[in-house]
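In what follows, a single structure is set out as structure tokens and then discussed.
Note that these values count all heavy atoms, side chains included, but never hydrogens, waters or copies made by symmetry. Since we're looking at a predicted model, the values are computed, not measured.
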Amino acid sequence: MSEAPTAPATPAKLVTAPEISIVIPVYNESANLPLLFERLTAVVDKMGRKTEIVFTDDGSKDNSLALLKSFVEKRPDIIRVVEFDRNYGQHMAVMAGFDTARGDIIVTLDADLQNPPEEIPKLVAEMDAGHDVVGSYRRNRQDSVFRTLPSRIINMIRERITGIKMRDQGCMLRAYRRNIVRIIVDSGETSTFIPAMAQFYAERPSEVEVEHAARHAGVSNYNLYKLIRLNFDLMTGFSLVPLQLFTMVGMAVSGASLILVIYMVLRRLIIGPEVEGIFTLFAILFFLLGVVITGLGIVGEYVGRIYQQVRARARFRIRTIHEKN
């Protein structure tokens, strides 16, 4: 008797597709990675759900990549490493992780251990409750006043300008549903603020409070310039309010200047020529020049975003993906 034909085997990747993906951008974090690996794998094992951990090495110059490769050897069942050919920045590293991740729930986490990996189950539970984006806000934030005070001010300005409500925009520990991640990846934007874009598209967003710790080792990769740059991207990427505000300021300054000109003409006709007010005129002139330069800067931000978008260059280049099939 001939045997009945058997159905073709389902590809292993379809059978073993993870339920949860944890995406971690890495740049010069060799001092933090061993402890992160130990704590994170313990959390994953304890959750008991099919999970993968996707590290993106963002062109690290220290021993980070070698450590990440060793993690693949130690835990080939859950670890995958995306290797960039150079440094593209934290958000592009997260985008590459998004593009590579296979889970339905995708969690982002920093490598510096300021957000404890042990808080991940709290976000996953909130996702299980039916939310499509789960943000987090830090309890007793362990950062200097140099970081916390500007962050609060920027949070307030960002909410008023963009209308996007996030209690703590700088907290990296967040969870996203796959459909939200696909929208972000497919948008093709070269300069984007991922948490804000996810919040913009979310139908059922939520936020949870998480613990926060001082950096385990090393120094932050975000200097003042990068923080300012990030918030410029946030403001100009989600609102035209800066341009509109400047238009209104320009109209107000023009009106005031017209009044001043009329006043100076009348003064000259009534009192006659005088030079005593020359320094006042210089001060007014410098103020007006400052307004013009500020306006050019704001317009330049928008033009720069258009330029980056229309040239259509690849946002990042992956050299290879280290994994064990």
Side-chain angles (χ1 to χ4, degrees), residues 13 18 21-30 32-33 36 52-69 71-72 79-103 106-112 133 169-170 172-201 218 220-223 225-234 236-238 301 303-323:
K13 284 190 177 181
S21 297
I22 301 172
V23 172
I24 305 173
V26 175
Y27 180 68
N28 294 343
E29 295 286 2
S30 58
N32 294 311
L33 287 175
L36 173 64
E52 68 174 357
I53 303 171
V54 181
F55 290 98
T56 302
D57 181 72
D58 188 22
S60 295
K61 296 178 176 60
D62 62 0
N63 197 38
S64 294
L65 182 58
L67 284 171
L68 294 175
K69 290 180 181 179
F71 296 164
V72 176
I79 302 290
R80 304 168 70 208
V81 176
V82 177
E83 180 185 347
F84 277 172
D85 62 337
R86 65 175 180 85
N87 177 254
Y88 290 94
Q90 183 191 42
H91 280 255
M92 288 302 102
V94 173
M95 293 291 274
F98 281 174
D99 207 24
T100 307
R102 300 170 297 183
I106 301 173
V107 179
T108 56
L109 177 71
D110 273 334
D112 57 11
V133 171
Q169 70 178 38
M172 182 69 172
L173 183 56
R174 297 177 179 273
Y176 310 93
R177 193 69 64 182
R178 167 163 286 282
N179 65 312
I180 298 294
V181 166
R182 288 319 312 171
I183 292 173
I184 295 172
V185 172
D186 293 342
S187 70
E189 290 194 26
T190 55
S191 298
T192 186
F193 190 70
I194 294 170
M197 182 172 282
Q199 202 77 6
F200 179 78
Y201 287 114
S220 173
N221 293 315
Y222 265 98
N223 54 31
Y225 170 76
K226 287 183 178 180
L227 289 171
I228 293 173
R229 179 71 264 158
L230 179 67
N231 284 284
F232 274 152
D233 287 341
L234 175 59
T236 59
F238 291 89
E301 284 294 319
V303 173
R305 290 184 66 87
I306 296 170
Y307 164 70
Q308 289 180 324
Q309 203 66 35
V310 299
R311 68 184 181 182
R313 293 180 185 173
R315 294 177 292 179
F316 51 80
R317 182 171 176 267
I318 296 175
R319 177 175 290 156
T320 188
I321 297 177
H322 305 274
E323 60 184 341

Shortest non-hydrogen contact from G97 toward T56: N-OG1, 3.8 Å

Validation row: R174, I194 side chains within 4.5 angstrom (heavy atoms): no

Pairs involving residues 55-69, ordered by first then second residue, that meet salt bridge (charged side-chain N to carboxylate O under 4.0 Å, His left out) (sequence neighbours left out): none

M92 side, atom CE; R315 side, atom CZ - distance, nearest 0.5 Å: 5.5 Å

side-chain contact (heavy atoms from CB on, under 4.5 Å) between R178 and I106, worked out: CA-CA 7 Å; R178 167 163 286 282; I106 301 173; 4.2 Å; yes

Audit row: L36, F55, side-chain contact (heavy atoms from CB on, under 4.5 Å) steps and yes/no: CA-CA 11 Å; L36 173 64; F55 290 98; 4.0 Å; yes

Nearest non-hydrogen partners of V54 and A101, listed with the distance: CG2-CA, 4.5 Å

For Y176, ring pair (Phe, Tyr, Trp, His ring centres under 6.0 Å) partners two or more places apart: F98

Any E52 side-chain heavy atom under 4.5 Å of E323 side chain: no

Contact check, side chains of M95 and F316, non-hydrogen atoms, under 4.5 Å: yes

Shortest non-hydrogen contact from A111 toward P25: CB-O, 3.9 Å

I79 side, atom CD1; I53 side, atom CD1 - distance, nearest 0.5 Å: 4.0 Å

Listed partners of D99 passing side-chain contact (heavy atoms from CB on, under 4.5 Å), at least two apart: R182, V185

For R317, all residues meeting salt bridge (Lys or Arg N to Asp or Glu O under 4.0 Å), sequence neighbours excluded: D85

Close side-chain approach of V81 to L65, heavy-atom, < 4.5 Å: yes

Nearest atoms (heavy-atom pairs only) where A198 meets V133: O-CG2, 3.8 Å

Non-hydrogen side-chain atoms of L33 and L68 separated by less than 4.5 Å: yes

Gap separating the OG atom of S21 from the CZ atom of R102, nearest 0.5 angstrom: 7.0 Å

Any donor-acceptor N or O pair under 3.5 Å, side chains S64, E29: no

Set of side-chain hydrogen bond (donor to acceptor under 3.5 Å, both in side chains) partners for Q199, sequence neighbours left out: none

Intermediate values then yes/no, side-chain contact (heavy atoms from CB on, under 4.5 Å), M172 and Q90: CA-CA 11 Å; M172 182 69 172; Q90 183 191 42; 4.0 Å; yes

Heavy-atom side-chain contact between I321 and T100 under 4.5 Å: yes

Heavy-atom check, side chain of V107 versus side chain of L173, under 4.5 Å: yes

Heavy-atom pair with the smallest gap, counting every atom of V94 and V23: O-CG1, 4.0 Å

CG-OH distance between D112 and Y27, expressed to the nearest 0.5 angstrom: 15.0 Å

Where Y201 and I180 come nearest, the two heavy atoms and their spacing: O-CD1, 3.8 Å

